[in-house]
S.K.: 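Take this structure, written in structure tokens, and hold onto it; I'll ask about it next.
Computed from a prediction, not measured in an experiment: that's the story for all the values here. The basis for the numbers below is simple: all heavy atoms, side chains too, and nothing from hydrogens, waters or symmetry mates. Protein chains get the first letters and strands the later ones, always in sequence-line order, with residue 1 at the start of each.
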Number of protein chains: 2
Amino acid sequence: MNKKENFINKLRSSGLRPTRQRIEICKVLYDRKKTFHFTIDTLSKILRKKSKERISLATIYNTVYAFKNKNYLKEITLNTNKTYFDTNVTSHHHFLDENSNRLIDLKNSDVGKVKIKRKIPGKKIKSIEILVRISD
Amino acid sequence: MNKKENFINKLRSSGLRPTRQRIEICKVLYDRKKTFHFTIDTLSKILRKKSKERISLATIYNTVYAFKNKNYLKEITLNTNKTYFDTNVTSHHHFLDENSNRLIDLKNSDVGKVKIKRKIPGKKIKSIEILVRISD
DNA sequence: ACACTACTTTAGAATCATTATAAAGTAGTT
DNA sequence: AACTACTTTATAATGATTCTAAAGTAGTGT
């Protein structure tokens with residue numbers, strides 16, 4: 001399979017061994033058209049359904065954080081008790097639907113330029129993240 | 001004391017009984033000039049130092065969430081494992097210093113107008129929060 | 001193919017923030 | 001002083017995440 005090869009190359013090229021578990025996780029995360037927002041818990045449930053592999057929770061944690069370190073995933077900031085991740089690692093903003101607690105990506109073209117007028121001496125801006133809360 | 005009276009009135013006016021514990025917590029939170037960003041843990045430590053009252057963790061949690069519901073505190077969104085609160089309840093934005101993990105308030109005048117060009121049918125914008133990550 | 005080593009996976013225990021419980025204490029009212 | 005609803009509290013329970021250490025596996029060299 002072409003896709004599987006791609007995942008294997010992707011993993012190898014960043015120094016991660018392409019194990020069965022990691023490939024299964026790649027399939028869930030990257031074999032889709034739209035950005036995927038998830039928690040460890042949701043990912044775990046999807047894996048249990050879609051994959052024959054029985055992947056332990058610890059491995060899912062390990063893999064997700066390994067992918068995050070390799071910049072294949074981005075951690076998202078919300079005030080919930082769980083940590084969210086995003087397969088869209090580009091700098092972008094979000095809607096948060098407070099009714100469903102779902103995230104929706106905003107393209108950069110969806111947001112006008114943000115001007116930060118204040119400077120902190122000796123500090124550089126690393127990123128600017130906007131969270132737009134919406135509800136019915 | 002004038003300040004203590006103020007706290008008592010503030011509490012009573014929102015239907016919260018002015019207990020010793022709540023008044024001590026008010027002193028820590030509101031008897032200061034600048035905005036205060038904190039976690040339950042930091043608040044707990046400050047109380048242990050500054051107050052003779054021995055206030056239980058449960059009460060600190062109860063009180064902080066009671067204050068949040070009365071809009072005396074605001075919950076802040078960061079990706080850390082702990083929940084942060086802010087005594088500045090007005091709509092405003094933050095710098096997050098990634099070296100020290102400290103928050104710095106941005107006045108609205110520090111940030112240019114943010115334009116959200118995309119609309120989600122049937123949904124209204126509740127708030128727009130910007131987090132500007134900075135580091136050395 | 002075989003052996004070797006470093007990297008991985010795993011089940012289960014440990015940790016840590018937060019929430020729930022239910023008994024004892026207290027504010028405000030009569 | 002008595003009463004009732006609201007509070008506080010110690011403690012247990014929960015739930016996400018991290019740790020541990022033993023068993024498994026990929027990649028390399030022979």
S.K.: Could you tell me whether a side-chain N or O of Lys74(A) sits under 3.5 Å from a main-chain N or O of Asn88(A), the two making a donor and an acceptor?
M.R.: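 No.
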S.K.: Using OP1 and OP2 only, check whether a side-chain N or O of Ser56(B) sits under 4.0 Å from dT9(D).
M.R.: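 For dT9(D), OP1 or OP2 has a side-chain N or O of Ser56(B) closer than 4.0 Å.
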S.K.: Give a yes/no answer on whether the side chain of Thr83(A) brings an N or O atom under 4.0 Å of OP1 or OP2 in dA16(D).
M.R.: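 The answer is no; no side-chain N or O of Thr83(A) sits under 4.0 Å from OP1 or OP2.
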S.K.: Encode nucleotides 22-30 of chain D as B, S and - characters from 5' to 3', where the letter depends on protein heavy atoms closer than 4.0 Å: B to the base, S only to sugar-phosphate, - to neither.
M.R.: ---SBS---
S.K.: Which of the following nucleotides, dT18(C), dT10(C), dT8(D), is nearest to the side chain of Gln21(A)?
M.R.: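 The listed nucleotide nearest to Gln21(A)'s side chain is dT10(C).
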S.K.: In this structure, how many angstroms lie between the C1' atom of dT7(D) and the CZ atom of Phe67(B), rounded?
M.R.: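 Going from Phe67(B) (CZ) to dT7(D) (C1'), I get 13 Å.
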S.K.: So which pairs with a foot in residues 116-136 of chain B pass side-chain hydrogen bond (donor to acceptor under 3.5 Å, both in side chains), sequence neighbours left out?
M.R.: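 Residue pairs with at least one partner in residues 116-136 of chain B: Thr77(A)-Arg133(B), Asp97(A)-Lys123(B), Asn99(A)-Lys123(B), Lys123(A)-Asp136(B), Glu129(A)-Arg133(B), Arg133(A)-Glu129(B), Asp136(A)-Lys123(B), Asn79(B)-Arg133(B), Glu98(B)-Arg133(B).
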S.K.: Rounded off to whole Å, could you give me the CG-to-C1' distance for the Asn9(B) and dA27(C) pair?
M.R.: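 So the CG-C1' distance, Asn9(B) to dA27(C), works out to 15 Å.
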S.K.: For Leu16(A) and Ala66(A), which heavy atoms make the closest approach, and how far apart are they?
M.R.: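 Of all heavy-atom pairs spanning Leu16(A) and Ala66(A), the closest is CD2-CB, 4.3 Å.
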S.K.: Is there a residue in residues 38-55 of chain A whose heavy atoms reach under 4.0 Å of DNA chain C, and which residues are they?
M.R.: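 Listed by number, they are Arg54(A), Ile55(A).
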S.K.: Under 3.5 Å, is there a donor-acceptor pair linking the side chains of Glu24(B) and Ser51(B)?
M.R.: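 Yes - a donor-acceptor pair under 3.5 Å links their side chains.
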S.K.: Rounded to the Å, how far apart are Leu11(B) CG and dA27(C) C1'?
M.R.: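 Between C1' of dA27(C) and CG of Leu11(B): 13 Å.
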S.K.: Mark yes or no for whether Ser44(B), through its side chain, and Ile40(B), through its backbone, hold a donor-acceptor pair below 3.5 Å.
M.R.: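 No, Ser44(B) side chain to Ile40(B) backbone: no donor-acceptor pair under 3.5 Å.
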S.K.: Among Phe36(A), Tyr72(A), Tyr65(A), which one satisfies ring pair (Phe, Tyr, Trp, His ring centres under 6.0 Å) with Phe85(A)?
M.R.: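 Only one option passes, and that is Tyr65(A).
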S.K.: For the side chain of Thr42(B) and the backbone of Thr39(B), is there at least one donor-acceptor N/O pair under 3.5 Å apart?
M.R.: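 Yes; at least one donor-acceptor contact below 3.5 Å.
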S.K.: Is it possible for you to say whether Leu11(A) and Ile60(A) belong to one hydrophobic cluster, with membership spreading through side-chain heavy-atom contacts below 4.5 Å?
M.R.: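 In one cluster with Leu11(A): Ile60(A), yes.
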